[in-house]
Amino acid sequence: MANAILIPGKEKRVYGGHPWVFRSDIARVEGDFTPGDIVSVYSSKGKFLAKAFYNPQSQISLRIMSLHDEPIDRAFIFRRVKEAVDYRRTFADLRSCRLIFAESDRLPALIADSFGDVLVLQCLALGMERFKQDVVDALVEEVHPQGIYERSDVPVRRLEGLEQLTGVMYGTVPDRVEMVENGVHFWVDVKEGQKTGFFLDQKYNRLAVARLAKGRRVLDCFTHTGSFALNAARGGAEHVTAVDVSESAVAMARENARRNGLEDRMDFAAADVFDLLPEVKKGEYDFIILDPPAFTKSRKTVGRAEKGYKEINLRALKALPRGGYFATASCSHFMPSELFVKMLRSAAQDANVELRQIEARQQAPDHPILWNVPETDYLKFYILQVV
């Protein structure tokens with residue numbers, strides 16, 4: 001086994017509990033290795049620090065698997081998968097949750113989502129790629145799915161020297177599967193849908209919206225396949241309009257509405273939300289939901305993203321009447337809570353409204369946040385009232 005020795009002072013990051021070591025932090029690697037191998041990590045003074053995957057091609061060259069000098073093998077992977085699933089057994093519906101959340105479950109760059117009888121797996125790092133079959137076997141042992149489908153069709157894999165992959169990894173997987181969330185039935189396109197097919201991290205935020213939706217006229221922007229819209233309709237909304245730029249997503253949202261018998265109180269539109277909101281008459285809706293995709297995926301574009309977030313929030317606030325409700329989110333780690341709140345304050349000021357906070361929420365607990373790993377804390381969600 002090769003040894004990676006860090007530059008003096010760079011061990012502080014490891015001591016601080018962060019599982020990434022960057023290529024620029026490594027002084028040298030001693031011994032033979034193949035990219036993706038497990039190596040032992042040492043400080044410049046020769047103190048053992050960790051066992052980690054090593055990929056010299058990636059900027060994140062070391063992904064720590066354990067702070068103990070122990071074998072990283074099939075049995076180790078089985079233990080980690082079991083720990084991840086056992087954590088969720090304490091609170092989650094295992095047929096509608098994220099079973100593995102990468103670094104938060106100490107399985108770097110690995111995602112496993114559960115939709116009904118089917119699991120969707122995504123692997124984004126070379127080291128984890130070596131153990132992918134062990135992960136599949138462990139998941140089969142723990143949750144007994146009908147099938148497991150791979151959605152490693154993410155461009156970031158190129159940074160690890162990996163090709164994009166999709167396909168059945170275990171059992172049988174239909175083109176779409178049915179999942180129940182908060183009592184709402186959804187069809188999930190696990191093979192072609194965005195990311196792994198559905199955004200599980202907003203599960204309890206959708207429930208919070210449903211509690212406030214009764215009797216209200218709701219506009220759900222960036223609806224995808226209707227997740228917030230359907231929760232609001234099931235919560236007793238007078239009427240819900242669901243909007244997304246994707247025709248296929250809107251078609252699936254409409255089908256989901258029919259599946260739940262909610263189509264009589266809903267309508268759907270394929271439109272650009274930035275263009276649609278200025279056309280909304282003030283008071284036409286008394287509850288507007290904004291759940292846009294990430295406007296920034298790097299620090300370099302945060303300024304431009306802030307402007308985009310402000311513009312979309314400003315347009316929504318201008319359309320709401322006094323007493324209206326407003327739910328708004330950002331799923332970008334690079335848009336921290338402080339900056340998001342600052343943006344909301346500025347948008348409210350420009351819209352000449354005052355906001356009363358009802359709830360400030362985050363991602364669901366099946367997407368756990370590690371306090372020593374800020375990258376795991378990414379979702380901001382506020383429910384506010386115009387007063």
Side-chain angles (χ1 to χ4, degrees), residues 19 63 65 72 74-125 127-154 165-174 176-182 184 186-191 193-207 227 331 362-370 373 375-379:
R63 296 178 186 265
M65 289 295 288
I72 309 299
R74 179 178 171 86
F76 178 93
I77 296 296
F78 267 63
R79 288 197 304 273
R80 284 283 166 90
V81 171
K82 178 175 173 51
E83 288 168 2
V85 175
D86 282 349
Y87 161 70
R88 287 151 179 87
R89 282 192 173 106
T90 63
F91 64 85
D93 173 6
L94 294 188
R95 295 170 57 81
S96 170
C97 79
R98 175 154 289 184
L99 293 175
I100 299 173
F101 185 40
E103 279 74 2
S104 287
D105 289 302
R106 300 175 299 162
L107 289 164
L110 183 76
I111 297 295
D113 284 344
S114 176
F115 306 118
D117 294 321
V118 170
L119 307 184
V120 179
L121 195 74
Q122 187 176 81
C123 182
L124 305 180
M128 282 307 310
E129 189 83 6
R130 301 278 193 89
F131 286 97
K132 204 162 57 177
Q133 188 58 51
D134 293 327
V135 170
V136 168
D137 294 343
L139 286 168
V140 170
E141 181 175 291
E142 286 297 321
V143 296
H144 314 293
Q146 169 191 317
I148 299 178
Y149 195 79
E150 180 169 19
R151 285 295 304 274
S152 299
D153 50 347
V154 184
L165 296 173
T166 62
V168 176
M169 304 183 76
Y170 169 81
T172 58
V173 179
R176 60 183 188 176
V177 298
E178 188 172 26
M179 177 196 72
V180 180
E181 177 198 83
N182 302 333
V184 182
F186 290 97
W187 288 111
V188 180
D189 184 352
V190 298
K191 295 182 179 179
Q194 291 184 42
K195 300 273 179 95
T196 61
F198 192 87
F199 300 102
L200 293 162
D201 51 2
Q202 294 270 31
K203 180 175 185 174
Y204 298 110
N205 299 337
R206 289 190 275 263
L207 197 59
S227 53
C331 61
Q362 295 176 290
Q363 64 232 44
D366 55 346
H367 296 62
I369 296 167
L370 289 186
V373 188
E375 291 81 1
T376 63
D377 182 2
Y378 68 94
L379 183 62

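We use all heavy atoms of the structure for the numbers below, so side chains are in, but hydrogens, waters and symmetry mates are not.
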Subject >> Contact summary for M179 and S96, nearest pair of heavy atoms >> reply: SD-OG, 3.7 Å

Original post:
Quick one: do R74 and D137 make a salt bridge, cutoff under 4.0 Å?
Top reply: yes

**OP:** Classify the side-chain pair Y378/D201 by whether it contains a donor and acceptor separated by less than 3.5 Å.
**Re:** yes

**OP:** Calculate, to the nearest 0.5 Å, the distance between atoms CG and CD belonging to L107 and E83 respectively.
**Re:** 8.5 Å

**OP:** Just do the side chain to side chain contact (heavy atoms under 4.5 Å, CB included) check on Y149 and M169 with the steps written out, would you?
**Re:** CA-CA 6 Å; Y149 195 79; M169 304 183 76; over 6 Å; no

Original post:
Any side-chain heavy-atom pair from V85 and L94 closer than 4.5 angstrom?
Top reply: yes

**OP:** For Q363 and T376, indicate whether the former's side chain and the latter's backbone hold a donor-acceptor pair under 3.5 Å.
**Re:** yes

**OP:** Would you indicate whether the side-chain heavy atoms of M65 and I77 approach each other to under 4.5 Å?
**Re:** yes

**OP:** Look at D105 together with R98 and state whether they make a salt bridge at an N to O cut-off of under 4.0 Å.
**Re:** no

Original post:
Between atom OG of S104 and atom CD of E375, what is the distance when rounded to the nearest 0.5 Å?
Top reply: 10.0 Å

**OP:** Go through the steps to decide whether L121 and L110 satisfy the test side chain to side chain contact (heavy atoms under 4.5 Å, CB included), and finish with yes or no.
**Re:** CA-CA 7 Å; L121 195 74; L110 183 76; 4.0 Å; yes

Subject >> Step-by-step side chain to side chain contact (heavy atoms under 4.5 Å, CB included) determination, V190 to F198 >> reply: CA-CA 8 Å; V190 298; F198 192 87; over 6 Å; no

Original post:
Using a distance-only test with no angle check, is there a side-chain donor-acceptor pair under 3.5 angstrom linking R151 and T196?
Top reply: no

**OP:** Could you give me the CA-CA distance, side-chain angles and deciding distance for E129 and L165, then say whether side chain to side chain contact (heavy atoms under 4.5 Å, CB included) is met?
**Re:** CA-CA 11 Å; E129 189 83 6; L165 296 173; 3.6 Å; yes

